[in-house]
Amino acid sequence: MKKYFSDLVTGAKSLVAGFIVTFKALLSPVVTVQYPREKLPVGKGYRGHPILILEDDTGRPKCIACGSCMRLCPSQCITVQGEKKEGDKRKYPTVFQVDFTRCSLCGTCSEVCPVAALEYSDVYGLAGFTREEFQYDLLADLPGLVETGFKPVSAD
Amino acid sequence: MDILSNIPPHLFRMIIAVAVVLGFVFANATVMGYLERKLAGRFQRRLGPMEVGWHGILQMPVDGIKLIAKQLIVPDNVAGILFYVAPLIAMSPVALPFLVIPFAPGLQVIDLDVGAIFVLTMISFNTVAVFLAGWSSNNNYAMIGAMRAVAQNIAYEIPILLSVLAIGLMTNTFSMKGIIEAQKSIWFIIVQPAAFIMMFICSIAETNRAPFDLPEAESELTAGFHTEYSGIAFSLFMIAEYTYMFVNCCLVATLFLGGWKGIPLPFGDYSSCIWFFAKVYFLMFVIVWCRWTFPRVRFDQLMNFAWKYLIPFSLVNLLITAILVKLL
Amino acid sequence: MTPQAVSKPIHYRYFINMGPQHPSTHGVLRLVVGLYGEYVLSLEPVIGYGHRMQELMAERRPWPAFLPNTARMDYACGLPHQHCYLLAIEKMLGIAVAQRGEYLRVITTEINRIVSHLLWLGANLLDLGAFTPILYCFDDRENFLDILEDVTGSRLTHCWYRAGGVLNDVPADFADRLRAVIKRMYGRFEIYKNLVTDNIIFQKRTKDIGIITPDLARRYGATGPVLRGSGIAYDIRKSMPYSIYPQLDFDIPVGEQGDCFDRYIVHIEEMRQSLRIIEQCIDRLPEGEVRTKLPKKMTLPPGDCTFSVEGARGEVTYYLVGDGSDVPYRLKVRAPCFSNLSLLPELCEDMLLADMIATMGSLDLVIPEVDR
Ligand code: SF4
Ligand code: SF4
């Protein structure tokens, strides 16, 4: 009989404690943001899709088309071809394709690149209707991505 | 003019009242739907609907249009006509209690001698609707939900009735107006706190709201009794739920919180309905608050609570009231 | 209140198919539940909807290429899997791990454990019908995830550990940010206590429900909080110490009788312990390289190797066989959820449907890990 009533009292107390917690929450400021209108800054180390880095002076890609990233990519989603044109000191890529549908954002490609020519963008929330939209031609996208305010962060 | 004078004014009043009431039912569902989503957001420290209109104020009308426009998907093997009738049964009796609820002095369609009992009777129609919906859906989840609804509502109607009875003993009437008049000097929440708390808990259970929302416990029964309903049929259940909530709160406000009574307002008699609505919506706020705070109880615990706590307590309460009324 | 066992007229039994899209089966688990009224007579988990042949993938490519997959085994707590895989590789190849790298690994693993436990806490309460705590949990979780994102580059499917250490060093403000978040998290336990732990409805829903006896847990090979909830203090971090755990000071919380409430308490306590571990690690974080220099191509020597770590849900074991090439000959993963799930049918007999859901929620199942 004693338990019968003490249950009632402790129970009621605990319910009131719960009420207080949610009421405090009601009065405190919200923690969410209205996503498409407000955006939180992306973390500095965030890895979006791979992009190519330009040489400062010439404005051409740093990539020397060595093919390491292509070979070591776990998802085998990079295709690189390059050639040494007349008058160039080294090879430049002529094709640099990333199949983003398969990329696992693992970080290997920029890690293995001998000249640090690959980085990751901070673009997120990518969506599309066809797979073809995610076949990125990095050489074509290059200027556009740089203009979106991407700032490279050193991988090491 | 001839025709109008032939219509009994009584009937005329009723027709107007029904039109107003039906309008109010939808308006209430809209407002409550919006408030509930907004409050739920704030309780969880988010904003709730924000996109449609200023602070999402048009969200519910837009949702309503969407639900009406949606195809009504009827699965094979449902129990034919009953499947269609169930949402209507949920919806229609809901208008009737409004006839006897006194919103303000003189703002009452008809004052029945048994007003409070009449409201309770109409509320219990909900059980029939829920059971029909669950049973006719031919779906195991819906069936379990329906069974739970029946058992739960039967158990919880008893303490409600016993609490109302305690009030009846003190006032000698079940007329809603009479009960409010009897609270001239003091609200019954002070005289009968136990009955108030029990009645309020039971109203939550009676309207199948969390933490007693077992008939539609979505983590167990996906959507419970309305699993198979879509479009407007589903929204009829939702509107009915909000209206039952409103009616229940009206009853509690009338019986215990003095109905329209409050500090007199300077805009005539009818304006005291502001007090009434304030009380009712405060009670609704508490119900919403409950829902977004507590976990769901289990079915047998719910029944235990009704039979081991609420019913004995309300019986004792009734007994004490009877003795005191006799002695004083 | 334990429901009494009902007499079982088997022919009255009816079936409901819970899942693969049921709200409380968390992912793609399907349960074929035989019911009598609301009592569960039989229960049969059907798994495999999320099978991705992870182990076979490992046997087709050089071993570093499997690293991204490890985090996708258990989407809620991927880093222990990655840790385990690398520890196995390192043991096999005899690689020394950079000290700073190892500390960072432990810090991030523990953050990941907290993140995972918070997810569990919210989801379990959602199963019990409480809608609000999950949002508070996600609020806390976001803080930790922000840090993880800054460090590992992603929020969920981290791929940051590398053989010999970690990919890159942490940002300069890492320690301070982490301390601030930890401080906030300690304060948040009070909210969970008031809102959940002490709540009478929660206690009634979880106490004496779904009791896993030590015997039952042992028979099915349950590990992690499920086993510790039953009172057996088995935690790989203590019983088969690896990495830097022997130098750290932390306790293994255990439950008393193994009901859902005990498992809840164990989860909450483990979060506190993880916070303690992280604090100690940041205090002692050594300077230096985060990664040892390794030769370009390393082949796995013939032979095999097993390594176990404590994941958020129990013992994660990687069994690796090498054959002299850099492609593993065989990789076998022991995922804790599979064992924890397999005790569900025996546990849930004669239970009420609602209790079955509560019990299943308390087991902290992540189905992709079961299916792999
Ligand atoms: S991030 Fe990984 S998966 Fe993606 S392209 Fe680079 S190496 Fe390939
Ligand atoms: S590894 Fe670097 S340099 Fe070589 S192909 Fe890839 S991006 Fe170009």
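Because the structure is predicted, anything quoted here is derived from the model rather than measured. Below, chain A is the first sequence line, B the second, and so on; all start at residue 1.
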Q: Of all the residues in residues 23-33 of chain A, which have a heavy atom that comes within less than 4.5 Å of a heavy atom in chain C?
A: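 Listed by number: Ala25(A), Val31(A).
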Q: Do any of residues 63-75 of chain A come closer than 4.5 Å to chain C, heavy atom to heavy atom, and if so which ones, in number order?
A: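 When heavy atoms of chain C are the reference, residues 63-75 of chain A contributes Pro74(A), Ser75(A) within the under-4.5 Å range.
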Q: Can you confirm whether Val21(A) sits close enough to Lys193(C) that some side-chain heavy atom of one is under 4.5 Å from a side-chain heavy atom of the other?
A: no
Q: Decide yes or no for Ser14(A) and Gln203(C): does some side-chain heavy atom of the first lie under 4.5 Å from some side-chain heavy atom of the second?
A: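 When only atoms from C-beta onward are counted, Gln203(C) and Ser14(A) do not touch, as no gap falls below 4.5 Å.
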Q: Quick one: of Met57(C), Glu190(C), Arg291(C), who has the most non-hydrogen atom pairs under 4.5 Å with chain A?
A: Arg291(C)
Q: Considering only heavy atoms, which portion of Thr132(C) lies under 4.5 Å from any heavy atom of chain A: side chain, backbone, both, or neither?
A: side chain
Q: With rounding to the nearest 0.5 angstrom, report the OG1 to CG distance, Thr22(A) to Leu195(C).
A: 6.5 Å
Q: Would you give the length of the straight line joining atom CG of Asn168(C) to atom CD of Glu111(A), rounded to the nearest 0.5 angstrom?
A: 9.0 Å
Q: For residues 134-154 of chain C, give me every residue with a non-hydrogen atom less than 4.5 Å from any non-hydrogen atom of chain A.
A: Tyr136(C), Asp139(C), Glu149(C), Asp150(C), Thr152(C), Gly153(C)
Q: Strictly less than 4.5 Å between heavy atoms, which residues of residues 60-68 of chain C line up against chain A? Please order them by number.
A: Arg61(C), Ala65(C), Pro68(C)
Q: Looking only at non-hydrogen atoms, find the nearest pair between Asp7(A) and Lys204(C) and report the distance.
A: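 Closest pair (atom of Asp7(A), atom of Lys204(C), distance): OD2-NZ, 3.6 Å.
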Q: Any idea which heavy atoms bring Arg162(C) and Thr108(A) closest together, and the distance?
A: NH2-N, 3.8 Å
Q: Quick check on Tyr75(C): does its OH atom have over 12 non-hydrogen neighbours (other residues, nucleotides or ligands) under 6.0 Å away?
A: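 Correct, the count exceeds 12.
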Q: Find the one option among Gly48(A), Cys106(A), Gly11(A) whose heavy-atom pairs under 4.5 Å with chain C are most numerous.
A: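 Greatest number of close heavy-atom pairs with chain C: Cys106(A).
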Q: Got Thr10(A) and Asp198(C) here, is their nearest side-chain heavy-atom distance under 4.5 Å?
A: no
